[in-house]
Structure formats: C-alpha cells, structure tokens
Number of protein chains: 2
Amino acid sequence: MNSTEDRRITRTKEAICAALVALIEEKGFEALSVKDIAIKANINRGTFYLHYKDKFDLLDQTLDQVVQDMERILLEIRLVSVADFKETWIPKAIATKLFEYFNDNASLIQAILVTKGNFVLVTKLKQLMLKNIFEKDEAISIKKEKLLVPCEYLASYIASAHFGVVQEWLDRGRRETPEEMAEILLNITFRGPLVAAGVFS
Amino acid sequence: MNSTEDRRITRTKEAICAALVALIEEKGFEALSVKDIAIKANINRGTFYLHYKDKFDLLDQTLDQVVQDMERILLEIRLVSVADFKETWIPKAIATKLFEYFNDNASLIQAILVTKGNFVLVTKLKQLMLKNIFEKDEAISIKKEKLLVPCEYLASYIASAHFGVVQEWLDRGRRETPEEMAEILLNITFRGPLVAAGVFS
DNA sequence: GAAATAATCAACTCACTGTTCAATAAATAC
DNA sequence: GTATTTATTGAACAGTGAGTTGATTATTTC
C-alpha cells in the first residue's frame, strides 16, 4: 500500500509517451495507431490498454499534464506588483519560466501543438487571463469598464498570439534563449504589434 | 468534351463536404470514418473513393479551397494606399470582406479550425504577411531594419491572434457583424492589446 | 522469500478500409 | 429524342487495426 507507482508502470508510461511524441512528429496524430505506439515503445499492445482507453485518452492525459504544469507556472502572476504589471504586462520572470518549461519539453510541446492541443492550451490560457486579469477586482486586474473591445476577444487575441510565437520558436529550432523569447513576446504585447514593427517610427 | 463538371460529381462532392462538416462538429475529425461520411452524405461508400484517396485527402482538398478563397480576398491589400495602411493596418474593407466570407461559410470554417486547418490557415496568413508586408520594398511594406523584433515572430503573433479572434467569434455564435469584427480586430492590432484593454488610460 | 501485480502472449470477434467488377442510372453530345 | 459516355451503385473480397479475454511469466514490493 505505497503511494509511489510501481516502477514498471512508470517505465511503461514513459515509453508510451515518448512513442506518442515520436509518432506525432513522424506521421501526425490522426494517422498513428495503437499498434504503432506499442511497437515504437517496445511493449505488448495489450499493455497499452492496461493504462489507456485508446489513443485519444492517451493524448488527453498527456495534455492534462501539460495544462497543469502551465497553470502552476502562470499562477505565480498573483505575486507580482502593480508596477511590474503596468510595465511588462506579465512579469518577465514568469514568461521566462514558461519558455524554460517549453524548452525542457520541446518535443512534447511541439508535437501536441499540431494536434487539438493548440486549441486546449490556448483555451486554458484564455480562461486564466479572463479569470485572473479581466474579471477580478484587485489592483492587478483591468477594469472591464475601461475596455475598448470585449474582453473575450482581447483574451483570445493575446492567448492565441502567444502560442503562435511559441510554435514559431519551436519550429525554427529554438535559436533564442527563453529569456530572449520572453523579452520579444512582452515587447510585442506591451507596445502593440505595429509599434513593435516600427510602423510609427 | 466540355470543361464543366458533370452535375453528379458536383452534387456528390457537395454532399461529402457537408457530411464532413457535420461529422467534425459531431465527433471530431480523428474519430470519423469514411463509412460515416458515406452514410451521412447518402452515397455509396465506393463513390467516396472515386473522388478522394481517403479522409485526409478530403480534408486537404477542402482546406486548399479555403486557403485559395482567403488568399484571393487578402491579396486585394495591394490596392491600398500608404495612408490607409498607416491608419488601419490592413484596410477595414478587406478585413470586413474576410469576415463576411467566414460568416457565409461559418460551419465549414468552424469545423476546420479545430483540425490541423488552424495551423494551415495561420501559416498561410503568416506567409502572406511576410511576403507582402515585411519583405517587399514598396511603399506599403515595413522596412526590416525598423523592426524591433524578428519579423517571423511578429507575423506569427498577428496571424495566430487574428484566427484566435475569428474562432472566438464563431464559438460565441457570431453576435457581432463582420464589420464590427473588422473594427475590433483592427483596433486591437493598431493600438496594441494593452492600449485596447485600457491599461494605459 | 512470499505475495502482489504488471507485462506478455495467443486467440478471438468486430468494424472499417480500400479495391474490384458487373449492373444500373443519369448525364452529356449529336 | 436517341446514342454515347460516364458516374454511381451494390456486393463481395482480403487486409489491418481495435479492443477484450484468460492463462502464463516476470518483476516489484513488503
């Protein structure tokens, strides 16, 4: 009756997850089969079904983990001061931590961003923004009355944009450091895309 | 030897496309089968294979059509004057036309935005921006030297953000008119998300 | 070392795939 | 309108993967 997981389970799940990532990169999620996963992970196909209902369940569980990790990092936003917020949108330290997480799990993130994972992650970020920034009535939040456009569209705009940049960074081979990426993203969001583009120089 | 398509082919393809849209909304693209499509479209399953290699081919061809339509509308940007550009990023008329297209094909667009279609459309918009705005050396283009951040990230940011807002609009049931949406989108992009949010009021 | 449990292996049913071919229906061409 | 061409149908086919089961083996935990 120990809370720690049997080593065999851990090893099997890790092998399955690694196989999933490799196969998504190889042929895309729709085209891969449970049989493919079993072969790539060097496990019996029946073993897969001891842990997951089907390949969709596997993707869902994998996504859940990423969402949890992301939420944990992002919710540190509560600790920031108003001054920081007005200057840099979200603290650069938080953004950097997020990019470090994406950096450490690059293959996984890149793989799930080309599945419905993109939609799931964008939706989660949007929800967090709406809940923690546009809704709450604290010092850090933005008053709804001050909004010049509906907050749902603002949240969708920013959330979607951010993951677009993350994906571009991963696709280009992560040439910039996490800190540089945080700087770029905050720069665009803080100044606005067109000012950052130098249109009004 | 006529260039026009046999009426039967047109009807069959339209039925297949409509079935695809309905089924994506119903159970998602990964989970739907060719058999599902044939039943929903009221055609023989063998007929499907007379027109498409498999369901992936169907999605690809459907996406190609949307990409072509979008490109046709967007490339009218070439006709705009520099003054218009500096004032509204892309002409409001173009943005409105795009939203009208999305409005007329709402089910289709909403269905493909939850497949890899999101990635395909964002990538296309990004490419068009890089080619027509950041790369060219004409009056309308933005000089690369003036950029404060790499243009690939700017393009990814804006392209991704725009389709995020389109998806939000579709998911919320298209409460705003195409013109209002064009206004909102241009407002955010032109002023920057945080100014539009009233942070600096 | 003993008990518990995870992984394996083989077998099986089921559903969907992708293809074929003869028969039929509907379009186009004259 | 009739003839010709062509799309669609229907049925049958082998092939592949899904998901499950039960007995057996291997590994881990206590």
Side-chain angles (χ1 to χ4, degrees), chain A residues 1-65 111-112 114-117, chain B residues 1-65 111 114-116:
Chain A
M1 291 292 179
N2 201 345
S3 65
T4 59
E5 210 173 40
D6 194 314
R7 288 177 190 172
R8 288 169 292 185
I9 297 179
T10 309
R11 270 193 284 108
T12 298
K13 283 191 172 179
E14 280 174 359
I16 288 175
C17 187
L20 175 70
V21 169
L23 286 166
I24 289 177
E25 290 170 347
E26 209 171 283
K27 53 166 76 173
F29 179 74
E30 302 95 344
L32 65 84
S33 65
V34 173
K35 191 186 177 191
D36 288 335
I37 295 172
I39 292 173
K40 180 83 74 179
N42 264 309
I43 59 162
N44 190 279
R45 190 168 62 88
T47 306
F48 177 91
Y49 293 104
L50 295 175
H51 300 288
Y52 305 100
K53 191 174 159 291
D54 49 32
K55 70 171 185 169
F56 304 106
D57 184 44
L58 168 61
L59 183 63
D60 286 343
Q61 288 194 34
T62 307
L63 268 171
D64 278 347
Q65 187 56 56
I112 66 178
V114 296
T115 66
K116 69 168 182 175
Chain B
M1 290 291 180
N2 204 344
S3 67
T4 59
E5 208 173 42
D6 193 313
R7 287 176 190 171
R8 289 169 292 185
I9 296 179
T10 309
R11 268 193 286 106
T12 299
K13 283 191 172 180
E14 279 174 359
I16 288 175
C17 187
L20 174 70
V21 170
L23 286 166
I24 289 177
E25 289 169 348
E26 209 170 284
K27 54 166 79 174
F29 179 75
E30 303 95 343
L32 65 84
S33 66
V34 173
K35 190 186 177 189
D36 289 334
I37 295 172
I39 293 173
K40 181 84 76 179
N42 264 308
I43 59 164
N44 189 279
R45 192 168 59 86
T47 306
F48 177 91
Y49 293 105
L50 295 174
H51 301 288
Y52 305 100
K53 191 174 160 291
D54 50 33
K55 69 171 184 170
F56 304 106
D57 184 44
L58 168 61
L59 183 65
D60 286 343
Q61 288 193 35
T62 308
L63 269 172
D64 278 348
Q65 187 57 55
V114 296
T115 66
K116 70 169 182 176

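Below, chains carry the letters A, B, ... as their sequence lines are ordered, and counting in each starts from 1.
For the atom pair SG (A:Cys17) and NE2 (A:His51), the distance works out to 13.0 Å, reported to the nearest 0.5 Å. Atom CG of B:Leu23 and atom CD1 of B:Ile37 lie 6.5 Å apart (nearest 0.5 Å). If you take CG on B:Leu50 and CZ on B:Arg8, they are separated by 11.5 Å, rounding to the nearest 0.5 Å. Of the inter-residue distances, the one linking B:Ser33 atom OG with B:Phe48 atom CZ reads 10.0 Å to the nearest 0.5 angstrom. Atom-to-atom distance recorded for A:Thr62:OG1 and A:Leu20:CG is 5.5 Å, nearest 0.5 angstrom.
One can place CD of B:Glu5 at 15 Å from C1' of C:dA26, the figure rounded to the nearest angstrom.
Against DNA chain C, the stretch residues 8-20 of chain B makes heavy-atom approaches under 4.0 Å through B:Arg8, B:Arg11. Shown for residues 32-62 of chain B: residues whose heavy atoms fall under 4.0 angstrom of DNA chain C, namely B:Ser33, B:Val34, B:Lys35, B:Arg45, B:Tyr49, B:Asp54.
Annotation for A:Ala41 and A:Ala15: closest pair CB-O, 3.5 Å, computed over non-hydrogen atoms.
Across the helix from C:dG1-D:dC30 to C:dC30-D:dG1, the helix axis at one end is tilted relative to the axis at the other end by 50° (nearest 10 degrees, each axis from five pairs).
Residue pairs meeting the side chain to side chain donor-acceptor pair (under 3.5 Å) criterion with at least one partner in residues 11-22 of chain B, sequence neighbours excluded, are absent. Listed by first and then second residue, the side chain to side chain donor-acceptor pair (under 3.5 Å) pairs that reach into residues 40-50 of chain A are A:Glu26-A:Lys40, sequence neighbours excluded. Within the structure, every pair that satisfies the salt bridge (Lys or Arg N to Asp or Glu O under 4.0 Å) test and touches residues 53-64 of chain B, not counting sequence neighbours, is listed here: B:Asp60-B:Lys116.
Within the 4.5 Å cutoff, the side chain of B:Thr115 has no heavy atoms near those of the A:Glu30 side chain.
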